[in-house]
2 protein chains.
Amino acid sequence: MDGVNRTRSGRPGVAGANLPAMRSHNAALVLDLLRTAGEGGISRLELAERTGLTPQAVSKITARLREEGLAGEAGRRASTGGKPATVLRLVPDAGHAVGIQLDRDELRAVLVDLDGTVVAARRAEVDLGAGAEAVLGAVVDVAGELVERGGDSLLGVGVGAPGPLDHTHGVLHRVTGFPEWDGFPLRDALAERLGVPVVVDKDSNAAALGLAVGGEGGSFACLLLGTGLGAGLVIGGTVHRGARTGAGEFGHQVVQLDGPPCHCGDRGCIEALCLAAVARGDLAEAARVLGVGAANLAGLLDIDLVLLGGRTIAAAPEPFVRGVAAVLDAHTRREGSLRTTVPVRLAPGGGQGVAEGAAQLLLAPLFGRADG
Amino acid sequence: MDGVNRTRSGRPGVAGANLPAMRSHNAALVLDLLRTAGEGGISRLELAERTGLTPQAVSKITARLREEGLAGEAGRRASTGGKPATVLRLVPDAGHAVGIQLDRDELRAVLVDLDGTVVAARRAEVDLGAGAEAVLGAVVDVAGELVERGGDSLLGVGVGAPGPLDHTHGVLHRVTGFPEWDGFPLRDALAERLGVPVVVDKDSNAAALGLAVGGEGGSFACLLLGTGLGAGLVIGGTVHRGARTGAGEFGHQVVQLDGPPCHCGDRGCIEALCLAAVARGDLAEAARVLGVGAANLAGLLDIDLVLLGGRTIAAAPEPFVRGVAAVLDAHTRREGSLRTTVPVRLAPGGGQGVAEGAAQLLLAPLFGRADG
DNA sequence: TGCACTTTGGCAACAGCGTTGCGAAAGTGG
DNA sequence: CCACTTTCGCAACGCTGTTGCCAAAGTGCA
């Protein structure tokens, strides 16, 4: 019921609940289970078990969802000695969202349905330094086409951009290397031109949201190493952004007191050490530095999983995954506690993870996955 | 409604809501506002505004709370041109909890009422190395007296202990320096001897919870420097513990690659660097190291506040607060963003913050502040 | 002093939520 | 063919917050 609460009062956790709030909370819950079940579907009784609601309540809720066109029947399961269960499914076409990754030199856009399936994809070259008009024009071109294709079921456009930025207002801050964007109201500018709701978030948060919705449970960190180094943090199933969308500033974590200077003005930042190692071809050292940062993060937050992504890692996944895992492994072993090593994996989604996650900025709220 | 959800299904965020859940959610919300209002009290209409509920709903809810003895009238406010508002207050004596700080060499216990006011306090010397029987005996002695004094309104006993431990089962892990406690079921042992519900958590988490309930809003970190160095993390008003109660492992964050060895087996940990600096009397350097760790944490989580506590800091607060603030300040200035510097303060509560927070492990759930 | 007005807050009727009681539908298995 | 199991909806119900309304208790002006 959190999502509703937030919407109503602005101050999280301080809002009362009423019947409509309860209703949409439960509907979102059921919808999320339907989505998670995927093509296999799920029966009403299973839904009842998983939600803790009575079967009768589930029947009423699914009936409403079917009326709204969000859910539908999809055959029946084999009998287990009685009347066979009717399998319910999400109707993927009932909603769509466009997701955009706006990077420093390229633009990726996808049209995604309720299921999370990519229905269409576009890619274009851009230059963030070419001025707002040119960049916005490119975005509107690419997105507009997909928006149209989404038709009536289009919920809006999500944008993942390099930070820092303010996701609540959709305003960019000083993007590293492109100070002219500082203060640019990207969300409102796009919403006006496209005529649909727009949500803007950091690229790393979008990627993390996509993975969380995509099935990664619990708490995890998604580390993106590309032109910069950022982290998307998922804590207990929801993306943690902090009050100023500042969370996930992973690249400028200091891991070497009085170390080599970083372009940020500090010394010994992970990003500086890591990029320097990559530049001289020493991927093992880059991975080790990344691993130390990941171990710090894992220890501080007690997360369940580390996912690696971004262009640099996509170019040579193996040494990074292995190197980071080695550091985490050594760390766990030293602790000697009961806990098993934090697993490290390559973030799925190929080069399109951020764009897909950005689409989830619009879709996730339907499933009760608050975007706050 | 989260607290209720968690209780019902065990799997957070996956539980349906029903009328009783809604009812207790709203009751907890109102109760929390009554508590926060303190001695000044709060009127029904103010409650309605703050919760988003209708005045009528608030009237019904407060009537129930009054029947249960949890709330009461406390005079009236001056009229603002109409009927003067009736001021409502929490009845502090309606509930009590005992909070215990079990440290390596001492024991502190407090009896706290619903308001958070300390009604009684005890202190005793213990030696964690003296064996379970002796330690448990001491705890039962001190706590038993306070439990009895709490009478019928006693909700239970909360214990803050040095980590690592498992707070969901109340089992200690390998307490640094005292390996014999590894696997000891402290919660169940105490619950059996005292005959009341017991909750066990890390000392730093208890301190953080106490501060969160005590009025610190938003997200903050509570860093405790004593015989060890730990952090309690409050994210969006709730203590973040992680799935294994492992979160807040702040002391072994590595801030100096290949730095001096730490007793944990790693190198360059904050704790090693910090304690070494303290040992040679260089508090400025200790504060700087702590500051770097705090800046890392603040950047990663985008927190609003850093609070410093623990014995070492209590002994000389000023250089630590100043030193940590200096590092955070420099860090913010470099970012050049709109955000203001993360403030650093001495954690209030004197030497008794952990014990008071431990009591809140029992009280906080009443106010809808989930302990998960 | 009296009357209009504002503000507080409870009573009563209401709509809507999930729950309970129960029975129909649709299978399996002896 | 019949007993049994399992699924699942209809109907009545209890309880939630909401709405409509009115009494109570002040202020302020004539």
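Just so we're on the same page: letters track the sequence lines, and every chain starts at 1.
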Take the protein atom [atom1] of [X] and the nucleotide atom [atom2] of [N], then report the distance between them rounded to whole Å.
| X | N | atom1 | atom2 | result |
| --- | --- | --- | --- | --- |
| A/Arg77 | C/dA26 | CZ | C1' | 17 Å |
| A/Glu46 | D/dT6 | CD | P | 15 Å |
| B/Lys60 | C/dG9 | NZ | C1' | 13 Å |
| B/Asn26 | D/dC15 | CG | P | 17 Å |
| A/Arg23 | D/dC15 | CZ | P | 22 Å |
| B/Leu29 | D/dG17 | CG | P | 11 Å |
| A/Met22 | D/dT16 | CE | P | 11 Å |
| A/Leu53 | C/dT20 | CG | P | 12 Å |

Nearest-nucleotide comparison on DNA chain C, the residue closer to the 5′ end among B/Thr62 and A/Ile61: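 Looking at the nearest nucleotide for each, B/Thr62 comes out on the 5' side.
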Of A/Thr80 and A/Thr54, whose closest DNA chain C nucleotide lies nearer the 5' terminus?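 On the 5' side of the pair lies A/Thr54.
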Between [Y] and [X], is there a side-chain heavy-atom distance shorter than 4.5 Å?
| X | Y | value |
| --- | --- | --- |
| B/Leu366 | B/Asp32 | no |
| A/Val239 | A/Asn205 | yes |
| A/Val171 | A/Arg187 | no |

On the nucleotide [N], are OP1 or OP2 found under 4.0 Å from the side-chain N or O atoms that [X] carries?
| X | N | value |
| --- | --- | --- |
| B/Arg76 | D/dA25 | no |
| A/Asn18 | D/dT18 | yes |
| B/Arg44 | C/dT7 | no |

Ignoring hydrogens and angles, are the base of D/dC8 and the side chain of A/Gln56 linked by a donor-acceptor pair under 3.5 Å?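 Side chain to base: no pair below 3.5 Å.
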Base C/dT28 to side chain A/Lys83, donor-acceptor N/O within 3.5 Å cut-off: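 No, no donor-acceptor pair under 3.5 Å.
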Salt bridge (charged side-chain N to carboxylate O under 4.0 Å, His left out), that's the test. Do A/Arg44 and A/Glu49 meet it? Break it down for me. CA-CA 9 Å; A/Arg44 289 181 178 79; A/Glu49 262 179 57; over 6 Å; no
Shortest side-chain distance from B/Pro84, nucleotide among D/dT7, D/dA25, C/dG18: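 Selected nucleotide: D/dA25.
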Given that B/Arg64 and A/Glu73 both sit by DNA chain D, which one's nearest nucleotide is further toward the 5' end?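 Counting from the 5' end, the first nearest nucleotide belongs to A/Glu73.
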Indicate, with a heavy-atom threshold strictly under 4.0 Å, whether B/Thr86 touches base, sugar-phosphate, or nothing.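 Touches sugar-phosphate only.
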Across the strands shown, which category fits A/Leu19 at heavy-atom distances under 4.0 angstrom: base, sugar-phosphate, nothing?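 Since a base atom lies under 4.0 Å of A/Leu19, the category is base.
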Would you mind listing every salt bridge (Lys or Arg N to Asp or Glu O under 4.0 Å) that reaches into residues 75-88 of chain B, with sequence neighbours excluded?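 Every salt bridge (Lys or Arg N to Asp or Glu O under 4.0 Å) pair that includes a residue of residues 75-88 of chain B, provided the two are not neighbours, is B/Glu46-B/Arg77.
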